[in-house]
Amino acid sequence: MQGKSNPQIVVISNRGAYAFQERDRELIPKRTVGGLASALEPVLTDYGGTWISWCGRLDKPDLERGIRLGVPPGESRYHIQEVLLTREEHDLYYHGFCNAALWPLCHQLTDRCSFQKNYWEAYRKVNQKFARAARNIKKENPRDIFWIHDFHLSLVPQYLRHQLPDARIAFFWHIPFPPADTFHILPWSRQIIYGLLGCNAIAFHTDQYVQNFLDAVSFFYPVTIFREQGLILFRNRKIYVQALPVGINYHHFEQLAADPLVRARAQEIRQSLGAEKIILGVDRLDYTKGIPQRLQAMACLLEKYPGYRGRVTLLQIAVPTRNGIGEYGVLKKEVERLVGEVNGRYDQGQGAIPVRYRHVSLDQEELVAHYLAADVLLVTALRDGLNLVAKEFVASRIDGRGVLVLSPFAGAARELQGALLANPYEPSHLATRIKLALEMPLAEQKSRLESLRRVVRSRDVRWWWQNNLKPVKSPYTTFTPATGMAGVSQGGQAT
């Protein structure tokens, strides 16, 4: 680890790269699987520091503070600082405010929102706990940089700012930031905005999310905003606001795709499905991902183009998520019902089965094998902050084959312009785009993939975190407008 005299990174997020398990009175750190862990660990490995997170343990009244532990076990490169929550806090803060209020609101699915005051009170209390943990870390090294992640912890920046006026704080919002008139539906939207204004730098996936956020800020506060430069002047402080879509570890996916064992596994997958063409879907089982719409489009494809029956299979991997939340159980039953209906109607008893459905998590090697086995990847999100699956597929296709069909409502569509865009709300249109993907000539596949690979390669995960931290790495960072004073809004008046 780096010496404490050097500035280190303090990452703060709801979950981290490790969860704690207790076995025979011994605490065992267990590696978690997820995009956040793979994106952020290289930062802490390079800089050293601490990752503050809830590590999965509930109801520990015998402990005043969570455990601090060096990881990886046996060769510590950084520390995990656990935040302890009670079961009630977790249920109300996470299942309640985060997933029943903010998540559907930010995905513009307002009919799914539930705004309850006890949710909000728990959210505030948990955010205060995370801020206290961060403040305690700061005492050890005043030069540390805080990097806070996602909508779970939007109040932490301001809590820290009140106690540590000179703190350097960056924030990344990983899900969509909705239009201001949608965001204002939340009874505590002003408090969320105020919490975020405690930062020195805030980043989102797309320019549209940036503009939506700036609209929300100008509605509530008499600030000066330089929109083209992404700068807010608030209470004698500069706050930088940028569009910095998350990247992936591009070379790691390339290496996996070249691994003979992974490539052999891809062939096994193709042979097991017995299909001439394989369409792949890999998603968390979440109502924002458009899985039912995808199944309806598959039915439409087989109805309109019967020549594909027995020849094409949709392999749908649905990764379990948010177990214990009622509407996710309802979604699972709906997806299973639709799979049964499509197979019951279009399975000819010989050849490929129309839909193969698996409710399972995959490790990276298995995931890349599935990417290599597919002819088409379907990303049909109704609304998605970005979508890393699309980028992983592109990075894995070192053979120059394969077609990405992408929803225009996924943030990744702004970057991945070589994809075929398809509206998931129109099953007939989506079916037509799938047919176009299945029949695309190899030369066009290669041309589109090469343009996609250039984007994903140049904006990899290192590019992402370096640009996120650039505004806060030096306490002497200055702002120079790139194009004069154009795009200024003030006092709630948008440009």
Side-chain angles (χ1 to χ4, degrees), residues 17 30-35 37-39 41 247-285 289 291 294-295 298 308 310-321 335 339 343 351-380 387-406 412 416 419 434 437-438 440 442 445-446 448-450 452-453 456-457 460-461:
K30 183 179 180 182
R31 193 73 168 74
T32 61
V33 177
S38 60
E41 268 208 307
I248 63 168
N249 189 338
Y250 180 87
H251 295 295
H252 177 62
F253 279 92
E254 272 197 326
Q255 290 168 355
L256 286 176
D259 187 320
L261 293 177
V262 173
R263 299 184 72 81
R265 174 60 184 146
Q267 286 300 315
E268 287 179 8
I269 293 168
R270 285 197 70 92
Q271 290 171 7
S272 69
L273 294 175
E276 293 178 34
K277 297 284 187 177
I278 297 171
I279 305 164
L280 177 66
V282 180
D283 313 84
R284 287 185 304 103
L285 188 59
K289 300 299 184 180
I291 299 174
R294 183 177 313 168
L295 293 167
M298 189 66 183
Y308 280 118
R311 297 175 51 218
V312 175
T313 288
L314 167 62
L315 173 57
Q316 177 60 55
I317 308 297
V319 179
T321 186
V335 168
V339 170
N343 285 340
I353 296 172
V355 181
R356 296 288 189 97
Y357 173 73
R358 298 183 65 201
H359 185 233
V360 65
S361 297
L362 303 179
D363 61 27
Q364 281 196 337
E365 288 80 3
E366 187 73 0
L367 188 59
V368 172
H370 279 74
Y371 292 150
L372 292 173
D375 298 285
V376 177
L377 178 74
L378 273 186
V379 177
T380 57
N387 194 280
L388 291 179
V389 165
K391 292 189 173 186
E392 292 169 359
F393 174 78
V394 167
S396 300
R397 295 314 297 248
I398 58 177
D399 57 354
R401 296 175 179 269
V403 182
L404 172 62
V405 177
L406 183 60
L416 304 182
I434 294 171
L438 291 170
M440 184 177 290
L442 180 58
Q445 291 183 41
K446 290 189 172 186
R448 286 176 176 269
L449 266 173
E450 183 51 41
L452 291 168
R453 287 170 62 80
V456 178
R457 184 189 306 119
D460 66 359
V461 67

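Taking the six-membered ring where tryptophan is involved, the planes of F253 and Y371 are tilted, since the angle between them lies from 30° to 60°.
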Apply side chain to side chain contact (heavy atoms under 4.5 Å, CB included) to Q364 and L256, showing your working. CA-CA 8 Å; Q364 281 196 337; L256 286 176; 4.0 Å; yes
L449/L404 under side chain to side chain contact (heavy atoms under 4.5 Å, CB included): CA gap, chis, key distance, verdict: CA-CA 8 Å; L449 266 173; L404 172 62; over 6 Å; no
Could you check E365 against D259 for side chain to side chain contact (heavy atoms under 4.5 Å, CB included), going step by step and ending with a plain yes or no? CA-CA 9 Å; E365 288 80 3; D259 187 320; 5.9 Å; no
Could you please spell out the steps behind the side chain to side chain contact (heavy atoms under 4.5 Å, CB included) verdict for V376 and K277? CA-CA 8 Å; V376 177; K277 297 284 187 177; over 6 Å; no
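Atom OH in Y308 sits 10.0 Å away from atom CD1 in I434 (nearest 0.5 Å). In this structure, OG in S272 is found 11.0 Å from CD in Q267, a value given to the nearest 0.5 Å. Atom CG of L295 and atom OH of Y357 lie 9.0 Å apart (nearest 0.5 Å). Rounded to the nearest 0.5 angstrom, T313 OG1 and L273 CG are separated by 5.5 Å. Annotation: the span from T380 atom OG1 to D283 atom CG amounts to 6.0 Å, rounded to 0.5 Å. Atom CZ of R294 and atom CD of Q316 lie 4.5 Å apart (nearest 0.5 Å).
A distance-only check finds no donor-acceptor pair linking the side chain of S361 to the backbone of V319 [under 3.5 Å]. Within the 3.5 Å criterion, the main-chain N or O of M440 finds a donor-acceptor partner in the side chain of Q445. For the pair T32 (side chain) and A17 (backbone), a donor-acceptor distance under 3.5 Å is present. The backbone N or O of L315 sits nowhere less than 3.5 Å from a side-chain atom of R356 that would complete a donor-acceptor pair. At least one donor-acceptor pair closer than 3.5 Å links the side chain of R270 to the backbone N or O of E276.
For the pair A419 and L406, the tightest heavy-atom approach, listed with the atom from each and the gap, is CB-CB, 3.9 Å. Across every non-hydrogen atom of L285 and A318, the tightest pair is CD1-CB, 4.0 Å. When all heavy atoms of G281 and L314 are compared, the pair lying nearest together is N-CD1, 4.3 Å. Of all heavy-atom pairs between S396 and L372, the closest is O-CD2, 3.3 Å. Between I278 and A373, the shortest heavy-atom distance links the atoms CD1-O, 3.6 Å. Counting all heavy atoms, side chain and backbone alike, R31 lies closest to A37 at NH1-CB, 3.7 Å.
Between D375 and V403 there is no side-chain heavy-atom pair separated by less than 4.5 Å. When side chains are defined from C-beta on, R263 counts as touching I398, because their heavy atoms get closer than 4.5 Å. At least one side-chain heavy atom of L438 sits under 4.5 Å from a side-chain heavy atom of I279.
No more than 12 heavy atoms of other residues, nucleotides or ligands sit less than 6.0 Å from atom CZ of R401.
Of the residues listed (R453, R397, R457), the one engaging E254 in a salt bridge (Lys or Arg N to Asp or Glu O under 4.0 Å) is R453, and it is the only one.
Ion pair K391/D460 not flagged as a salt bridge, since none of the NZ, NE, NH1 or NH2 atoms sits closer than 4.0 Å to an Asp/Glu carboxylate oxygen.
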